[in-house]
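As structure tokens, the structure follows; a few thoughts come after it.
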Amino acid sequence: MPELPEVEVVRRGLVSWVRGRTIDFVDVLDARSIRRHALGPGDFIGNLEGAVVADVVRRGKFLWMPLLDSSPGAPERVGGSPHPSVALMAHLGMSGQLLMQDPDVPDEKHLKVRLRLSARDGMPEQLRFVDQRIFGGLFVTSLVPTEDGGPGGLAESPLPLIAEEAAHIARDPLDPNFSFDLFYRRLRKRKTGLKRALLDQGLVSGIGNIYADEALWRARLHYARPTDTLRRSEAERVLQSAREVMVDALAAGGTSFDSLYVNVNGASGYFDRSLNAYGREGEPCARCAAAGIHATIRREQFMNRSSHTCPVCQPRPRNGRW
DNA sequence: AACGCGACCTGCGAGC
DNA sequence: TGCTCGCAGGTCGCGT
């Protein structure tokens with residue numbers, strides 16, 4: 001569910017609560033939520049207990065916390081300075097939440113993993129992973145060198161390392177180091193539709209079904225537009241649209257339709273009110289209405305999910321163009 | 001190599 | 001009341 005703005009809201013919320021704290025106890029309530037940790041719950045817990053959370057960083061929708069071993073003489077102390085080599089990875093999937101909670105707060109219905117952190121004045125004790133659909137999960141992974149300078153995201157980590165499972169993910173459009181030239185070159189080589197390309201995290205990260213539909217609407221482009229016919233100006237337009245809609249969503253605390261997406265303090269974002277296409281089936285297209293034209297947002301199945309378009313200002317491409 | 005589909009899950013609202 | 005169906009923000013792996 002959560003796309004870049006929602007994950008970034010979570011990252012920002014998390015960092016001040018957890019940075020520098022030690023993970024004292026770990027409780028895995030549902031092993032399915034750590035199924036990507038191949039060595040199982042015992043190994044997962046063993047890796048985390050006693051570790052210090054060094055930071056919270058993100059690449060696309062992948063979020064991770066580099067860990068320092070708090071024991072003396074730990075192997076990752078390179079050159080006398082702490083240097084994380086492993087991280088706690090989190091992906092929220094469709095319904096995952098990371099919540100900071102006091103110990104007296106009753107367990108959430110879909111609580112999957114509980115981390116008890118070292119005491120800090122005025123800070124909640126627990127970091128909880130809650131996930132209804134279990135498409136998300138936690139696992140411990142290695143930090144590996146990255147060619148392109150760091151994990152990316154909006155708050156660049158000084159560490160030129162990236163979590164192994166996020167290494168194949170491209171930078172996101174809000175990342176200062178995002179390369180439009182590289183994106184456009186790779187886009188033109190694809191033989192696919194524009195929305196499928198926008199959702200391909202290896203090409204550009206952070207965009208999901210909501211912001212893909214919104215970016216396409218803002219750019220007045222159809223989801224099935226063949227990528228190999230896309231002009232540079234059109235690619236720039238859709239990228240810039242994605243940037244604008246995600247910046248606006250970030251400022252609004254993300255998009256929430258229900259209690260499934262909340263920040264680390266349990267609060268919903270309110271960007272759903274600003275959506276122009278996603279979830280607006282049957283409603284008038286705001287841009288057409290402003291021009292005195294009557295047009296209705298349409299929902300169609302594409303890639304086994306819903307796509308929302310205005311049939312008037314986002315016409316279906318013909319002969320590879322429009 | 002790249003594309004595109006099915007699988008992985010639970011829960012909710014609509015319709016009968 | 002209770003059933004079935006369709007729908008939901010994502011990613012991965014496999015067959016073509």
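Here the structure is a predicted model, which means the values were calculated and not measured. The figures here come from the full heavy-atom set of this structure, side chains too, leaving out hydrogens, waters and symmetry mates. In what follows, chains carry the letters A, B, and so on, assigned in the order in which the sequence lines appear, proteins first and then strands, with residues in each chain numbered from 1.
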Please list, for nucleotides 11-14 of chain B, all pairs of protein and nucleotide N/O atoms separated by less than 3.5 Å.
unit_1	atom_1	unit_2	atom_2	d
B:dG11	OP1	A:K109	NZ	3.4
B:dG11	OP1	A:H110	NE2	3.4
B:dG11	O4'	A:Q132	OE1	3.3

The residue among A:R273, A:R243, A:R218 that forms salt bridge (charged side-chain N to carboxylate O under 4.0 Å, His left out) with A:D248 is A:R218
When the aromatic ring centroids of A:F257 and A:Y278 are compared, is their separation below 6.0 Å?
-> yes
Name the nucleic acid region contacted by A:R36, choosing base, sugar-phosphate or nothing; use a 4.0 angstrom heavy-atom cut-off, strictly under.
-> sugar-phosphate
May I ask you to check whether over 12 heavy atoms, not counting those of A:D121, lie within 6.0 Å of atom CG?
-> no
Contact class for A:F62 (heavy atom, under 4.0 Å): base, sugar-phosphate, or nothing?
-> sugar-phosphate
Kindly state whether the pair A:F135 / B:dC8 counts as stacked, where counting means centroids closer than 5.5 Å and planes tilted less than 30° apart.
-> yes
Provide the distance between the two P atoms, one in C:dC14 and one in B:dC9, to the nearest whole Å.
-> 16 Å
Taking only the side-chain nitrogens and oxygens of A:S95, find out if one of them lies under 4.0 Å from OP1 or OP2 of C:dA8.
-> no
Between A:R35 and A:T227, just flag the one whose closest nucleotide in DNA chain B comes earlier from the 5' side.
-> A:T227
Name the nucleic acid region contacted by A:S306, choosing base, sugar-phosphate or nothing; use a 4.0 angstrom heavy-atom cut-off, strictly under.
-> sugar-phosphate
Minimum-distance nucleotide (side-chain atoms of A:K61 versus B:dC9, B:dG4, C:dG10) = C:dG10
Between A:R11 and A:E8, is there a side-chain N and carboxylate O pair less than 4.0 Å apart?
-> yes
Nucleotide forming a Watson-Crick or wobble pair with C:dG9, both distances under 3.5 Å = none
Taking NZ, NE, NH1 and NH2 as the nitrogens, is one of them in A:D172 or A:K61 under 4.0 Å from a carboxylate oxygen of the other?
-> no
Base, sugar-phosphate alone, or nothing: which one does A:R190 contact when heavy atoms must sit under 4.0 Å apart?
-> sugar-phosphate
Result for 5'-nearest mapping on DNA chain C, choosing between A:L199 and A:R299, is A:R299
Could you tell me whether A:Y211 contacts a base, only the sugar-phosphate backbone, or nothing, with contacts defined as non-hydrogen atoms closer than 4.0 Å?
-> nothing
